[in-house]
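Start at 1 and go down the list; that is how both ligands and their atoms are numbered.
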Amino acid sequence: HTYSPFDFIIFGATGDLTTRKLLPALYYRYLDGQLPSNTRIIGTARSPLTDEDFRKRAQDGLNQFVQEEDHSPEKIEDFIKLIYYISLDGADPNGKWADIEKLLNSDKANTVRIFYFATAPRLYGDICDNLSNKKLLTKTTRVVLEKPIGTSLATAEEINSRVGKHLPENHIFRIDHYLGKETVQNILALRFANPVFERLWSSDSIDYVEITAAETVGVGKRGGYYDGAGALRDMVQNHLLQVLCMVAMDPPISLNADDLRNEKLKVLRSLKPMTDEMIKTDTVRGQYTANTVNGEQMVSYLEELKKDKSNTETFVAIKAQINTSRWTGVPFYLRTGKRLAEKTSEIIIQFKKSAWSLFPTAPQPNRLHIRIQPDEGVSLSMQVKDPSKSHTSLRSTFIDIAFSPAFHIRYPDSYEGLLMDAVKGDPLLFIRRDEVDAAWKWIEPILDGWARDVIPLSQYKSGSWGPQASQQLLAKDGHIWHEDM
Ligand code: BG6
């Protein structure tokens, strides 16, 4: 794809996301030759910085977050020349909007204009009002909205309505960076280009599914946001449910964005609504406590936050059920948390064991392990004859594909492709408004039940796999998280 110069304006440009993800992603695409020379990247935020200050921050960020082998001082120098900064509160109608206008490419009718909203979502409506009043929204403008959209169904609807007043749905790109991850996209290929899997992809052959997004980091500097959100809003409402949709959806009738999103929406709408009874048996919420592992001291969530009390969950495990002919009876166990034992995002498809066995010891059922990160790849557990023993002895082994070595390529960060999709105007991997609503509809009763303490907030030691209750959630069904096998 060849790109014409475009304008990329970031609201919230002094935040973590811009430094860690957005600028490094644009830099990589610059290295790939996708940013023509009069592309402009304009950062805006309230801090009074000059272009030079902001470029310096950008440079430091790139040095830190771009892989060492891709550091080229000359290239970084060239790239940061595309960057500008305007001190502006996007929610303030009296800000320096005219300065933005002056910087933009003058060919208004044709230059693609991306406004990237990396601020608190409650400001999205105000920012859009201002963009509209200042006549900055053109036919080639797209806005990218970061998650979580709102903190509840009502607040999400309000944000979406206010943004929707000024822009048609196909110009609104709600980003979920999990959909930008290669291995999440690869679920489509895995399922729909390999009949060997798709024919088995239902309750006929699948026993249960695990979807995990585990992190070793704590909340760090993001406590202000995180303590008001919690893991359910931060990770489950968006990333985990989107991955669940990719695993569970029926084949879309085409790879057109709406056909794919229609299928994802069907999954979200088929999720069995959570009653208080189910919240008691099928959900777990936890918060990390201090611990020392291998000499590394980790403080508790409260200490990190410098607070005496917080009911915010940093760990969630949920047994989700999908009420469709394909999936009834197959639990989907979702799990995410901070300060867990490993940084890993993965999907386990646990196949059923065969009722009949030819062998003296029943064979282990097959398991498909989709590694979203790190070590992107897929492995399938298999039974083979144990070569060191008699002909009736079995042994478990794997067929394993590690993508990066297999294809000799650098694995791009999820933001790279998604940002360029927004520039191209391809919404395939972005979330449609009705998906956001459907996800909140399912999440809200859980939030509500937790707020009423239908289940207690469990504690777990930093560096562990979460509270005991998480193991029990599976044990009740006779299942076990795969790392405990
Ligand atoms: C973000 C959450 O959306 O995803 C963060 O806000 C979390 O809390 C991050 O750390 C995890 O993303 P990844 O790509 O590192 O799995």
Would you please say whether a donor-acceptor pair under 3.5 Å links the side chains of Y333 and D477?
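There is such a pair (donor and acceptor under 3.5 Å, judged by atom type) between the side chains of Y333 and D477.
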Does a donor on one side chain sit under 3.5 Å from an acceptor on the other, for W450 and T283?
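Yes.
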If you have a sec, work out which protein heavy atom is nearest [atom] and how many Å separate them, to one decimal?
atom                    : answer
atom 15 (O) of ligand 1 : K343 NZ, 2.6 Å
atom 12 (O) of ligand 1 : H177 NE2, 3.1 Å
atom 11 (C) of ligand 1 : E215 OE1, 3.7 Å
atom 16 (O) of ligand 1 : Y178 OH, 2.5 Å
atom 14 (O) of ligand 1 : K181 NZ, 2.5 Å

If you draw the axis of the six-membered ring of F8, does the NZ or CZ of R113 fall within 45° of it and under 6.0 Å from the ring centre?
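No, R113 does not sit over the ring of F8.
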Quiz item: cation-pi between R410 and Y28, 6.0 Å / 45°
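Judged by the rule, R410 and Y28 form a cation-pi pair.
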Check contact between Y226 and ligand 1, using heavy atoms of the residue and a distance below 4.0 angstrom.
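Contact check Y226 vs ligand 1: negative.
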Evaluating non-hydrogen atoms only, which member of R233, H239, K21 is closest to atom 3 (O) of ligand 1?
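Nearest heavy atom to atom 3 (O) of ligand 1 lies in H239.
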Heavy atoms only: which of D234, V219, V217 lies closest to atom 6 (O) of ligand 1?
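That would be D234.
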If I apply the N/O under 3.5 Å rule, does S345 come out as touching ligand 1?
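Between S345 and ligand 1 (N or O atoms, distance only) the closest approach is not under 3.5 Å.
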By side-chain contact (heavy atoms from CB on, under 4.5 Å), which residues pair with S464, not counting sequence neighbours?
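With sequence neighbours excluded, S464 shows a side-chain contact (heavy atoms from CB on, under 4.5 Å) to Y460, K461, given in chain and number order.
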For the pair T141 (side chain) and H171 (backbone), establish whether a donor and an acceptor sit closer than 3.5 Å, ignoring hydrogens and angles.
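Pair absent, no side-chain N/O of T141 close to backbone of H171.
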Atom indices of ligand 1, in the order listed, that fall short of 4.0 Å to a heavy atom of K338
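Selected atoms, number and element: 5 (C), 7 (C), 8 (O), 10 (O).
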Please list, in number order, the atoms of ligand 1 under 4.0 Å from a heavy atom of K147.
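Close to K147: 1 (C), 2 (C), 3 (O), 6 (O).
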Mind running side chain to side chain donor-acceptor pair (under 3.5 Å) on E346 and H482 for me, showing each step along the way?
CA-CA 11 Å; E346 58 193 4; H482 77 98; 2.7 Å; yes
Electrostatic pair E157-K441, nearest N-O below 4.0 angstrom
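Here E157 does not pair with K441 in a salt bridge, since their nearest N and O are not under 4.0 Å apart.
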